[in-house]
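Everything on this sheet refers to the single structure shown next.
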Amino acid sequence: MLKPKSSNIPKPTRYQNAAIDYYMGLTNSSYLHYGYWEPLSTHGEELTLTRLRVAQSAYAAKLLSFISEGTKTVLDVGCGIGGNAVYLCVRGLGVEGLAPDALQQERFIKNTNSQVPFYLTRFEDFPTSRSYDLVLFSESSQYIAVDDLAQGAARLLSSGGYLLLADMMRSDGEYKEGIFSNCHVTSELQATLVQARFNLTKTEDISSKVAPNH
Ligand SMILES: C[S@@+](CC[C@H](N)C(=O)[O-])C[C@H]1O[C@@H](n2cnc3c(N)ncnc32)[C@H](O)[C@@H]1O
């Protein structure tokens, strides 16, 4: 796949990439998500980087618990630097990842020992004739417009395939200024997915288990 010129990457994505680079430097983790804090930290407990890494691994396990048996191939959209991909790969899933950031690409290849294909592209521009049993968005749906997400996922899924989406969501469509205002409004996302002929099979609100990282 051709490497896109940096001028093809929109400005907000470049800023987000810069923030992600900062986060990578701070945590030295192969995950770029907030983690799943179970058990929840007790009042006054220091939230250390070691504890964060445990929570991040627990989040990957949580993702896996949502993947139905029989799933063989996964497209990890906005795959970051490979933590989730490695976790799923060593458990027997055939994973491919994509993200529009060359620095993440470099880390992803290193963290996955070059065992997992990586595509340097935005999801919106991902041209493939392949199909997958599962399309995964782990804290990456918020960067992609709902129509692109729904239509792109529908196009890439094999018949009977699943979309697994774990991310921050907005319940209030009027919240438009804060740092999470790029997150999708749950009702809009659901309506767009239904239009693209998805059926909701399982949902869980894990906000309280993610909150320690906010
Ligand atoms: C918060 S990170 C999550 C990384 C990883 N999924 C995880 O759970 O650790 C968001 C990811 O979405 C990617 N991303 C941003 N815009 C994207 C787009 N338009 N298409 C695909 N990925 C995108 C970022 O480069 C980054 O890899």
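Since the model is a prediction, treat every value here as computed from it, not as a measurement. Residue indices begin at 1 and follow the sequence shown. Each ligand, and each atom within it, is numbered from 1 in the order the structure gives.
Less than 4.0 angstrom separates some heavy atom of His33 from each of these atoms of ligand 1: 7 (C), 8 (O), 9 (O). For ligand 1, the atoms closer than 4.0 angstrom to any heavy atom of Asn84 are 7 (C), 8 (O), 9 (O). Every atom of ligand 1 is numbered from 1 in the order shown, and the set under 4.0 Å from a heavy atom of Leu98 is 21 (C). Residue Phe123 has at least one heavy-atom neighbour below 4.0 Å for each of these atoms of ligand 1: 18 (C), 20 (N), 21 (C). Set against the non-hydrogen atoms of Glu139, the atoms of ligand 1 under 4.0 Å away are 1 (C), 2 (S), 3 (C), 10 (C).
Among the atoms of Gly80, some N or O lies under 3.5 angstrom from an N or O of ligand 1. When only interatomic distances are considered, the shortest N/O to N/O separation between Glu124 and ligand 1 falls below 3.5 Å. When only interatomic distances are considered, the shortest N/O to N/O separation between Gln104 and ligand 1 falls below 3.5 Å. Ligand 1 has no N or O atom lying under 3.5 Å from any N or O atom of Val77, backbone or side chain. The shortest N or O to N or O distance between Leu32 and ligand 1 is below 3.5 Å.
Across Ser138, Ala85, Ser140, heavy-atom proximity to atom 3 (C) of ligand 1 is greatest for Ser138.
If you check the side chains of Ser30 and Asn111, you find no donor sitting under 3.5 Å from an acceptor. A donor-acceptor pair shorter than 3.5 Å can be found between the side chains of Glu96 and Tyr119.
Between Phe198 and Leu200 the shortest side-chain heavy-atom distance does not fall below 4.5 Å.
Here ring pair (Phe, Tyr, Trp, His ring centres under 6.0 Å) pairs that include residues 45-74, with residues two or more places apart or in two chains, are His33-Tyr59. Sorted by first and then second residue, the ring pair (Phe, Tyr, Trp, His ring centres under 6.0 Å) pairs with a member in residues 87-113 read Phe108-Phe118; sequence neighbours excluded.
A donor-acceptor pair is defined here as one N or O able to donate and one able to accept, closer than 3.5 Å; such a pair exists between the side chain of Asp205 and the backbone of Ser207.
For Arg107, the CZ atom is loosely surrounded, since the number of other residues' heavy atoms within 6.0 Å does not exceed 12.
Look at Glu204 and Lys62 and you find a salt bridge, because one of the NZ, NE, NH1 or NH2 atoms lies within 4.0 Å of a carboxylate O, short of that distance.
Within the 4.0 Å heavy-atom criterion, neither part of Ile81 lies near ligand 1.
The shortest heavy-atom distance from Gly83 to ligand 1 is not under 4.0 Å.
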#### Entry: Trp37/Leu52 under side-chain contact (heavy atoms from CB on, under 4.5 Å): CA gap, chis, key distance, verdict
CA-CA 8 Å; Trp37 300 69; Leu52 168 68; 3.8 Å; yes
